[in-house]
K.L.:
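What follows is a single structure, and I will ask about it in a moment.
Side chains included, hydrogens not; waters and symmetry mates left out as well; all remaining heavy atoms used.
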Amino acid sequence: MTMRTRFAPSPTGVLHIGGARTALFNWLLARRHGGAFVLRIEDTDTERSTRESIDRIIEAMSWLGLQADEGPVLQTDRLDRYRAVARQLLDAGLAYHCYCSREELAAMREDQRSRGLKPRYDGRCRTRTRPVPGADAVVRFKTPEAGRVRVRDLIRGEVTFDNSELDDLVILRPDGVPTYNFSVVVDDSDMGITHVVRGDDHLNNTPRQINILNALGLRLPEYAHVPMILGADGSRLSKRHGAVNVTDYREAGYLPEAVLNYMVRLGWSHGDQELFDVDEMIGAFSLEQVNESAAAFDPDKFLWVNEQWIRRTPSARISPLLATFLEGDGVEDADLNTGPPLEEIVEVQRHRARTLTEMAEKSRFVYNEPDTYAPKAAKQHLRGVALPVLRRLHQCLGELGEWSVETTQAAVESVADELTLKMGKVAQPLRVAVTGESASPGIGQTLALIGQEKTLRRLAKAVEFVEARIARTR
RNA sequence: GAUCCGGUGGGCGAAUGGUUAAGCCACGAGGCUUUCAACCUCGUAAUUGCGGGUUCGAAUCCCGUCCGGAUCCCCA
């Protein structure tokens with residue numbers, strides 16, 4: 001039988017790292033085994049589900065390249081089907097109507113809890129023969145009272161639950177909308193899902209689902225419960241831990257390849273390999289190597305992975321992305337067009353940036369003249385002693401016929417020789433003058449990217465700055 | 001509280017009864033150097049949560065215990 005996996009998010013928010021990794025694992029499995037990956041939207045919580053969330057989830061998945069082979073299938077489009085299955089259970093005496101009010105149930109639970117018991121529905125409507133007038137009716141599944149359920153989990157091994165620990169769960173609300181544990185079972189079965197791979201927060205739900213499957217006489221899928229992703233402090237990953245939404249990472253200048261790569265290594269490993277492109281993941285992924293323990297999300301390592309991908313991704317692909325980040329950073333569209341080819345900037349910066357945001361920040365100097373000098377840098381390098389250096393630099397660079405990394409580099413070196421100064425005394429003032437910062441790419445590269453005209457203008461401005469400063473201290 | 005799952009350096013994790021417990025991130029030192037990076041070298045860091053047991057031998061198997069997480073909703 002061909003493998004069929006699925007990702008079944010509830011559209012009550014955006015796609016976050018945990019969900020994305022679950023989607024990735026499912027997608028990888030399907031790709032690896034030549035099967036199908038289905039996207040199902042679990043929107044039976046009509047209060048909280050939104051169309052916008054659906055769109056955002058799909059958008060995030062497509063940014064990551066996790067295309068579904070089938071779907072999205074919306075559960076709200078299948079309500080008739082769930083009702084029919086519930087009817088079937090009702091007719092077979094495997095489910096019953098319950099008229100208990102929410103208040104009554106809450107009181108029951110509180111009472112049990114106060115007595116140190118596990119809160120469970122006590123089945124008081126099980127034997128009811130006629131409806132309660134005026135009361136809403138839900139449908140409850142009749143959980144077997146005795147026996148145990150064995151879950152064969154591909155990651156955890158065999159996990160058993162005692163039916164006495166379970167209670168009769170609601171499968172249909174008064175309005176005929178199914179609850180999670182029921183719709184999941186019907187859908188996974190109808191869709192021919194062979195492998196249910198999901199977060200281990202669902203492990204405890206599995207015996208209930210298996211009981212329903214058994215009552216319906218349906219075949220059980222394989223289960224694999226993957227460990228959760230925790231925040232750096234060991235608690236469940238949440239907004240407190242910084243960005244957790246996939247889209248946040250796109251905006252922060254992460255490459256989808258890097259997001260995928262970092263996620264796949266969270267809870268899964270393949271020897272000591274750290275970097276995987278999508279094809280490598282598909283070729284190497286297996287449930288057997290998925291860890292059993294929860295993993296903490298580590299922003300530092302994520303940054304490192306992104307840096308690795310910035311390095312190995314062709315500049316032709318990075319350039320247009322860099323352009324949008326530069327624009328977001330205040331660089332004019334027109335300047336982008338008249339400036340140096342973006343590929344050149346990428347080549348120069350790819351070892352110096354861990355994110356595209358960082359790359360853009362560090363590349364602004366190419367287009368925009370510094371409006372202020374970094375205080376520390378100015379204090380240290382734009383001093384009186386630098387004045388003759390800057391003037392001489394302005395002259396020599398102004399006389400340069402060909403403007404390139406090599407020629408500008410040579411010019412700066414010859415000025416240093418001529419004034420018998422070490423490179424640091426020449427390149428640093430110059431760097432601050434043209435970039436406003438004390439750190440930038442190699443001085444030749446920096447000048448080549450800025451261009452002769454702008455370099456000279458900035459140099460002149462720096463000379464004025466130093467002159468003014470001397471005048472002031474006098 | 002009950003049930004279920006988990007626990008290897010600060011983080012990710014390798015090692016599925018057998019040499020000094022891999023590798024990566026982070027961190028520290030040095031090298032290179034016009035700055036920042038990158039790169040190279042070296043280093044700090046674990047009595048495998050703890051306690052017992054089985055065994056010639058235990059991170060690995062068994063028992064107990066502690067800690068963490070999940071579930072116990074007309075959320076998914």
Side-chain angles (χ1 to χ4, degrees), chain A residues 8-12 42-45 47-49 98 100 102 105-106 109 112-121 136 138-140 151 153 156 159-162 164-167 169-175 177-181 183-184 198-208 225 227-228 230 232 234-236 262 265-275 288 291-305 307 311 349-354 362 377 381 409 412-413 416 422-432 435 437-444 446:
Chain A
S10 64
T12 52
E42 311 225 324
D43 57 351
T44 55
D45 182 349
E47 300 278 302
R48 298 193 301 149
S49 298
C98 168
C100 296
R102 288 169 186 266
L105 295 173
R109 276 194 286 271
Q112 289 163 331
R113 217 182 279 269
S114 72
R115 286 191 289 150
L117 299 174
K118 183 173 188 165
R120 303 165 55 234
Y121 180 65
D136 281 340
V138 299
V139 176
R140 281 187 190 271
V151 179
D153 190 280
R156 307 291 153 125
V159 183
T160 67
F161 296 84
D162 223 299
S164 63
E165 291 294 332
L166 275 24
D167 64 359
L169 65 154
V170 172
I171 58 175
L172 225 53
R173 301 178 171 96
D175 58 2
V177 176
T179 57
Y180 167 71
N181 282 300
S183 52
V184 148
R198 69 221 319 189
D200 74 7
D201 47 340
H202 289 286
L203 183 53
N204 288 294
N205 289 320
T206 309
R208 302 172 216 282
H225 289 94
M228 312 246 71
L230 273 26
S235 70
R236 193 175 183 160
Y262 182 67
R265 283 285 289 104
L266 227 42
W268 174 79
S269 62
H270 184 66
D272 59 10
Q273 186 174 351
E274 295 289 346
L275 270 11
E288 286 69 49
N291 231 52
E292 287 153 56
S293 56
F297 182 85
D298 181 0
D300 279 332
K301 185 156 184 180
F302 194 1
L303 235 18
W304 176 79
V305 172
E307 178 191 341
R311 278 197 217 175
Q349 301 281 220
R350 65 182 348 145
H351 289 282
R352 285 172 236 267
R354 298 191 293 180
K362 289 183 170 178
H381 300 295
Q409 172 77 30
V412 175
E413 279 170 14
K422 296 214 280 189
M423 265 302 264
K425 295 292 179 193
V426 179
Q428 280 308 85
L430 173 55
R431 172 171 281 116
V432 178
T435 70
E437 303 285 341
S438 57
S440 84
I443 198 66
T446 299

K.L.:
Confirm from the modelled atom types if A:K362 and B:C36 form a donor-acceptor pair under 3.5 Å, side chain to base only.
P.N.:
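No such pair is found, so the answer is no.
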
K.L.:
So what does A:R48 hit on the nucleic acid, given a heavy-atom distance under 4.0 Å: a base, only sugar-phosphate, or nothing?
P.N.:
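A:R48: base contact, heavy atoms under 4.0 Å.
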
K.L.:
Only pairs with both distances under 3.5 Å count, Watson-Crick or wobble alike; so what is the partner of B:G18 in this structure?
P.N.:
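Across all strands, the one nucleotide that pairs with B:G18 is B:C56.
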
K.L.:
Could you check whether any side-chain heavy atom of A:T206 comes within less than 4.5 Å of a side-chain heavy atom of A:R198, counting everything from C-beta outward?
P.N.:
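Touching, per the 4.5 Å side-chain cut-off.
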
K.L.:
So, does the side chain of A:E274 form a donor-acceptor pair with the base of B:G23 at under 3.5 Å?
P.N.:
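Checked by distance alone, the answer is yes.
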
K.L.:
Is any side-chain N or O of A:D298 under 3.5 Å from a base N or O of B:A26, one able to act as donor and the other as acceptor?
P.N.:
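Side chain to base: no pair present.
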
K.L.:
For a quick test of reading the model: is some side-chain N or O of A:S10 closer than 4.0 Å to OP1 or OP2 of B:C75?
P.N.:
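No, because none of the side-chain N or O atoms of A:S10 sits under 4.0 Å from OP1 or OP2 of B:C75.
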
K.L.:
Does the plane of the ring in A:F297 sit parallel, tilted or perpendicular to the ring in A:F302? Use 30° and 60° as the thresholds.
P.N.:
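Rings of A:F297 and A:F302: perpendicular, over 60°.
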
K.L.:
Could you tell me which nucleotide pairs with B:A2 by Watson-Crick or G-U wobble geometry, both distances under 3.5 Å, or answer none if nothing does?
P.N.:
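B:U71 - that is the nucleotide pairing with B:A2, both distances being under 3.5 Å.
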
K.L.:
Considering only side-chain heavy atoms of A:A296, which listed nucleotide, B:C12, B:U34, B:C74, is closest?
P.N.:
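The nucleotide sitting nearest to the side chain is B:C12.
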
K.L.:
Determine the interatomic distance between C1' on B:A37 and the same-named atom on B:C32; round to the nearest Å.
P.N.:
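Straight-line distance between the two C1' atoms is 13 Å.
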
K.L.:
Please state how far atom NE2 in A:H351 lies from atom C1' in B:C40, giving the value in whole angstrom units.
P.N.:
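For the pair A:H351 NE2 and B:C40 C1', the rounded distance is 15 Å.
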
K.L.:
Base, sugar-phosphate, or nothing for A:L266, non-hydrogen atoms under 4.0 angstrom?
P.N.:
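It contacts sugar-phosphate atoms only.
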
K.L.:
So which nucleotide from B:U3, B:G13, B:C5 ends up closest to the side chain of A:R265?
P.N.:
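The closest nucleotide is B:G13.
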
K.L.:
Counting any heavy atom closer than 4.0 Å, what does A:P441 reach on the DNA or RNA strands: base, sugar-phosphate only, or nothing?
P.N.:
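Base, at least one base heavy atom under 4.0 Å.
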
K.L.:
Within the structure, does a side-chain N or O atom of A:R311 lie under 4.0 Å from either OP1 or OP2 of B:C39?
P.N.:
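Indeed, a polar side-chain atom of A:R311 lies that close.
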
K.L.:
Counting any heavy atom closer than 4.0 Å, what does A:N291 reach on the DNA or RNA strands: base, sugar-phosphate only, or nothing?
P.N.:
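Sugar-phosphate only.
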
K.L.:
Identify whether any heavy atom of A:V138 sits under 4.0 Å from a base atom; if not, whether one sits that close to sugar-phosphate; answer base, sugar-phosphate or nothing.
P.N.:
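Result for A:V138 = base.
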
K.L.:
For A:R156 and A:D167, find the nucleotide of RNA chain B closest to each by heavy atoms; which residue's nucleotide sits nearer the 5' end?
P.N.:
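Of the two residues, A:R156 wins.
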
K.L.:
Using a heavy-atom cut-off of under 4.0 Å over every strand shown, decide if A:T12 touches base, sugar-phosphate, or nothing.
P.N.:
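It contacts nothing in the nucleic acid.
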
K.L.:
Given that both distances must come in under 3.5 Å, which nucleotide forms a Watson-Crick or G-U wobble pair with B:G28?
P.N.:
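Its partner is B:C42.
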
K.L.:
What I'd like to find out is whether the side chain of A:L430 reaches to under 4.5 Å of the side chain of A:V412, using heavy atoms alone.
P.N.:
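Side chain of A:L430 against side chain of A:V412, heavy atoms only: contact under 4.5 Å found.
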
K.L.:
Nearest to the side chain of A:K301, heavy atoms from C-beta on, is which of B:C24, B:G6, B:C72?
P.N.:
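Per side-chain heavy atoms of A:K301, the pick is B:C24.
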
K.L.:
Go through the N and O atoms of the side chain of A:R352 and the base of B:C36, and report whether any donor-acceptor pair is under 3.5 Å.
P.N.:
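Pair found.
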
K.L.:
Which sits closer to the 5' end of RNA chain B, A:L117 or A:S438, going by the nucleotide each is nearest to?
P.N.:
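Upstream on the strand: A:L117.
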
